[in-house]
2 protein chains.
Amino acid sequence: MGRPPKFSRERLQAAALEIVDEEGLAALTMRSLAARLGTGPMTLYNHVEHRADLDLLVVDAVTASVRLPEPSDDWRVDVEGIACALWQAARAHPQAIPLILTRRSRSAAVLDVSEALACALARGGRTGADLLVAFRAVIGMVGGFAQAELTSPLAVEPAGDVIERIQAEGSRYPCLAGIAESARGSEPEAEFLGALRALLAGLNAA
Amino acid sequence: MGRPPKFSRERLQAAALEIVDEEGLAALTMRSLAARLGTGPMTLYNHVEHRADLDLLVVDAVTASVRLPEPSDDWRVDVEGIACALWQAARAHPQAIPLILTRRSRSAAVLDVSEALACALARGGRTGADLLVAFRAVIGMVGGFAQAELTSPLAVEPAGDVIERIQAEGSRYPCLAGIAESARGSEPEAEFLGALRALLAGLNAA
DNA sequence: ACCTGAACACCGTTCAAGT
DNA sequence: ACCTGAACACCGTTCAAGT
């Protein structure tokens, strides 16, 4: 006989994201998610196919948290607003960023956000290959900055010894040493907006 | 008594990258790498600390394969050349891209490439925060495009059904449907260069 | 210093059985 | 339709022992 599923998709997404936020990526396992839901590991297989689907639950949870701005009459404002909303959502869940960058989800949430960005760029007068390039460039910029804060040699919170090492070997890495100094007083928001605006200006001029 | 290490760092890097190239990320384990080197799993702990270090071996192997161009007298040419070299190296190892995007390596290879890019941008007259923003933006663009080819809803080789689905739901995703059409005849190299040049032009104008 | 096998706790998943 | 425990192959790693 039929039964209502024990867990909704939203419940699964929320629980998976909680684990990643609280304990990190490695802590997300079939068993840990089941335990958090108060059930046994095998029950999850009624809702997902593979372990890899747990990663998609996290990506979809973060994507669903993106607060898209209302479209205005200025496509440039809209593109900035959407890109910022994406970036902010990612930054709110730093542990999940590697998944956001590398997992391919095709949920409605992901397509909705993509569509909003594509439409805003299209309203800027782009079509065809130009629109494709602009779309990829903006998405790339968002992902790149989100990740740069975590992973670049000039990450906002570097391993601590890294900037020291670059500066100690200043003769070998003079340019990086200079950048590293600037990165100490880094303002991520201003940097992201600055890069995004430069990109949009360049795309527009082309 | 002292003994020369059984495996060089380069040997470990090459073997790890081979596994990822041939069998995918999930196939890279302590045991599989040891087996490929013809030894037991425990031997690896003489060369690395954790499993996570295997990922860094892969990143360093790919980074070491980057062929940096000779500096010219045109910083713009240099930046494009370095960015392209990075992008090409990543594309030559598509299975490794998720690691390149998300793992933080501080090897000399990574710092050398970063330094080359930072210096080329600095030769364009940038300093301080402007240089930092330009550095992050270019790095972000490279990573973003490398990943976009794999993961975006408009990936070059989408799951197949994805573009169909977007187009079938054309009324819901009209803008994405248009982009998806363009993506079918996509030329990754032209797109990457187009986006990079737009970015550089925009950065320069700011 | 470096190598290595045995052993342990943990993981994803198959199977078979339950309602 | 959906839930679940037992069991298996596999993984990272500790420990103790070898040269």
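Below, chain A is the first sequence line, B the second, and so on; all start at residue 1.
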4.5 Å side-chain heavy-atom contact, B:Arg9 and B:Leu57: yes
Short side-chain N/O contact from B:Lys6 to OP1 or OP2 of C:dT4, under 4.0 Å: yes
Rounded distance (Å) that lies between atom P of D:dG5 and atom CE of A:Met30: 16 Å
Protein-nucleotide distance (A:Leu44, atom CG; C:dT14, atom C1'), rounded to Å: 16 Å
Test item: A:Asp78 and A:Pro69 side chains (from C-beta on) under 4.5 Å apart, heavy atoms: no
B:Phe135 side chain reached by B:Arg126 side chain, heavy atoms, under 4.5 Å: no
4.5 Å side-chain heavy-atom contact, A:Pro188 and A:Arg91: yes
Nearest listed nucleotide, side chain of B:Met42, among D:dT13, D:dC3, C:dC15: D:dT13
Spacing of B:Asp55 atom CG relative to D:dC11 atom C1', expressed in whole Å: 14 Å
Whole angstrom value for the distance that separates P of C:dC11 from CG of A:Asp53: 18 Å
Spacing of B:Leu33 atom CG relative to C:dT4 atom P, expressed in whole Å: 13 Å
Flag for A:Ser186-A:Glu191: side-chain donor and acceptor within less than 3.5 Å: yes
Short side-chain N/O contact from B:His47 to OP1 or OP2 of C:dC2, under 4.0 Å: no
Distance test, side-chain N/O of B:Tyr45 to OP1/OP2 of C:dC3, below 4.0 Å: no
Parallel, tilted or perpendicular, as decided by the 30° and 60° cut-offs, for the rings of B:Phe145 and B:Phe192: perpendicular
Interatomic distance, B:Thr63 atom OG1 to B:His93 atom NE2 [nearest 0.5 angstrom]: 10.0 Å
Watson-Crick or G-U pairs under 3.5 Å in DNA chain D, rendered as dot-bracket with [ ] for crossing pairs and | for another strand: ||.|||||...|||||.||
Side chain of B:Asn46 - closest among D:dC15, D:dC3, C:dC3: C:dC3
Which nucleotide in C:dG12, D:dG12, C:dT4 has an atom nearest any side-chain atom of B:Thr43: C:dT4
Whole-Å gap separating P (C:dG12) and CD (A:Glu49): 16 Å
Pairwise 5' ranking along DNA chain D for B:Arg51 and A:Arg31, keeping only the more 5' one: A:Arg31
